[in-house]
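What you see is a predicted model; the values in this text were computed from it and never measured. Below, read A as the first sequence line, B as the second, and so on, with proteins coming before strands; counting in each chain starts at 1.
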2 protein chains.
Amino acid sequence: MKLAEAKQQFISSWGAFGTHWGINRTMAQIHALLLISPDPLSQDDIMEELSVSRGNANMNIRELVDWGLVDRVIIPGERKEFFVAEKDIWKVATQIVHERKKRELNPMLKLMDNLSEVEGDKKDKHIRQFTETIDGIKRFGHSADKMLDTLVKADENWFIGNLMKLFK
Amino acid sequence: MKLAEAKQQFISSWGAFGTHWGINRTMAQIHALLLISPDPLSQDDIMEELSVSRGNANMNIRELVDWGLVDRVIIPGERKEFFVAEKDIWKVATQIVHERKKRELNPMLKLMDNLSEVEGDKKDKHIRQFTETIDGIKRFGHSADKMLDTLVKADENWFIGNLMKLFK
DNA sequence: ATGGCATTTCAATAAGTTTTGAAAATTCAG
DNA sequence: CTGAATTTTCAAAACTTATTGAAATGCCAT
């Protein structure tokens with residue numbers, strides 16, 4: 001397969017993927033493009049390669065920077081800003097886990113803490129099932145939280161090494 | 001907090017959550033409703049509790065059954081079908097992991113295998129960065145795949161126990 | 001300070017997704 | 001069989017989210 005074709009396929013499927021993961025198509029495509037780019041790209045480069053508008057490119061680049069997946073870089077002698085993606089996939093993954101944990105898991109656990117304070121007759125089966133469900137989610141959520149924290153802090157080799165021992 | 005209020009909050013936030021996870025609002029709400037229901041519910045019960053249309057309820061219940069999160073049950077003497085959710089959150093989570101792995105991770109790895117066969121001068125930096133990125137994703141993906149397989153097969157206590165030892 | 005390039009914003013529009021509800025198909029008791 | 005109850009389908013409408021592009025703002029060398 002030729003590079004140009006492979007590149008197109010990679011970008012377009014990374015984009016399709018993104019949509020399953022709460023990341024929008026353009027954001028994922030920009031990320032894909034930067035991942036395979038040996039050099040930093042400017043906003044105009046990105047607009048041109050992906051045929052997207054200025055506003056769209058700007059907004060999604062900013063989002064990628066917010067997520068910590070892309071960095072702005074200054075190229076001496078150039079007026080424009082350039083962008084590079086973190087290339088180490090392990091770091092990309094832990095960064096994403098970190099952000100989603102912060103944005104989704106933590107608020108959810110907070111909500112569950114609230115909901116466990118439901119009042120009423122403990123013998124009523126509706127009350128009983130409600131509190132059991134909430135408690136189950138809380139317990140599970142706290143384990144997940146702890147595990148993900150460790151994962152985020154861990155070094156890739158340490159992690160994979162130990163995990164593989166554990167999982168034989 | 002009163003049960004009715006807590007229930008509303010739980011259903012509505014579980015729905016909002018779902019949307020971050022590629023699950024649509026109604027599907028997640030139906031799931032939430034069934035999770036806290038001590039008894040099986042019929043499609044009409046669900047339509048009424050959540051104020052959604054017949055078609056919408058039908059379609060999303062079917063999806064939940066496809067995902068293995070909800071079972072149809074027959075109640076003797078009743079003509080209608082009834083539905084119950086798997087209540088064990090660990091099982092819910094592993095079921096979701098299993099399905100998403102099948103639907104998303106596996107196809108992605110297959111694609112990466114394809115893309116690694118890009119032809120051209122290995123010294124060209126574009127080719128080099130492309131193959132390095134693809135290889136990185138492949139390696140990471142295969143580790144994740146193995147780990148998730150083990151997780152899906154594992155028993156909750158075994159898993160949490162070992163993990164906590166590892167992660168102290 | 002000014003002009004010119006770069007970046008950001010945002011209202012309008014387009015694209016995509018979910019929901020509705022009525023019609024069609026299916027099921028099953030009598 | 002028949003027909004009433006139940007489930008499924010699907011085109012149209014409602015709603016949500018993403019994208020555009022022009023205008024506003026920011027930035028910096030002169």
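The nearest whole Å value for the distance from the CD1 atom in B:Ile23 to the P atom in C:dT18 is 11 Å. Atom CD1 in B:Ile75 sits roughly 17 Å away from atom C1' in D:dA5 (whole-Å rounding). Nucleotide C:dT7 holds its C1' atom 13 Å from the CD1 atom of A:Ile46, rounded to whole Å. Between the CD1 atom of A:Ile30 and the P atom of D:dA18 there is a distance of 13 Å, rounded to whole Å. Residue B:Met27 contributes atom CE, which lies 16 Å from atom P of C:dT17 at whole-angstrom precision.
Here the side chains of A:Gln43 and A:Glu81 are not in contact, with every heavy-atom distance at 4.5 Å or above. The shortest distance between side-chain heavy atoms of A:Asp149 and A:Lys146 does not fall below 4.5 Å.
Heavy-atom minimum distance, B:Leu64 versus B:Ile30: CD1-CG2, 3.7 Å.
Between A:Trp14 and A:Phe17, the ring-plane angle classifies as tilted under the 30° and 60° cut-offs. A perpendicular orientation is assigned to the rings of B:Trp90 and A:Phe140, their planes being inclined by more than 60° (bins at 30° and 60°).
There is no side-chain donor-acceptor pair under 3.5 Å between A:Asn56 and A:Ser53. Looking at A:Lys138 and A:Ser116, their side chains do bring a donor and an acceptor atom within 3.5 Å of each other.
Within the cation-pi definition used here (under 6.0 Å to the ring centroid, within 45° of the axis), B:Arg62 does not qualify as a partner of B:Trp67.
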Restricting both atoms to N or O, compile the protein contacts to nucleotides 6-9 of chain D shorter than 3.5 Å, with distance only.
{"unit_1": "D:dT7", "atom_1": "OP1", "unit_2": "B:Glu81", "atom_2": "N", "d": "2.7"}
{"unit_1": "D:dT8", "atom_1": "OP2", "unit_2": "B:Asn58", "atom_2": "ND2", "d": "2.7"}
{"unit_1": "D:dT9", "atom_1": "OP2", "unit_2": "B:Arg62", "atom_2": "NH1", "d": "3.3"}
{"unit_1": "D:dT9", "atom_1": "OP2", "unit_2": "B:Arg62", "atom_2": "NH2", "d": "3.0"}

Can you check nucleotides 15-17 of chain D for protein contacts, nitrogen or oxygen pairs under 3.5 Å, and list what you find?
none

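Under 4.0 angstrom from either OP1 or OP2 of C:dT18 there lies no side-chain N or O belonging to B:Thr26.
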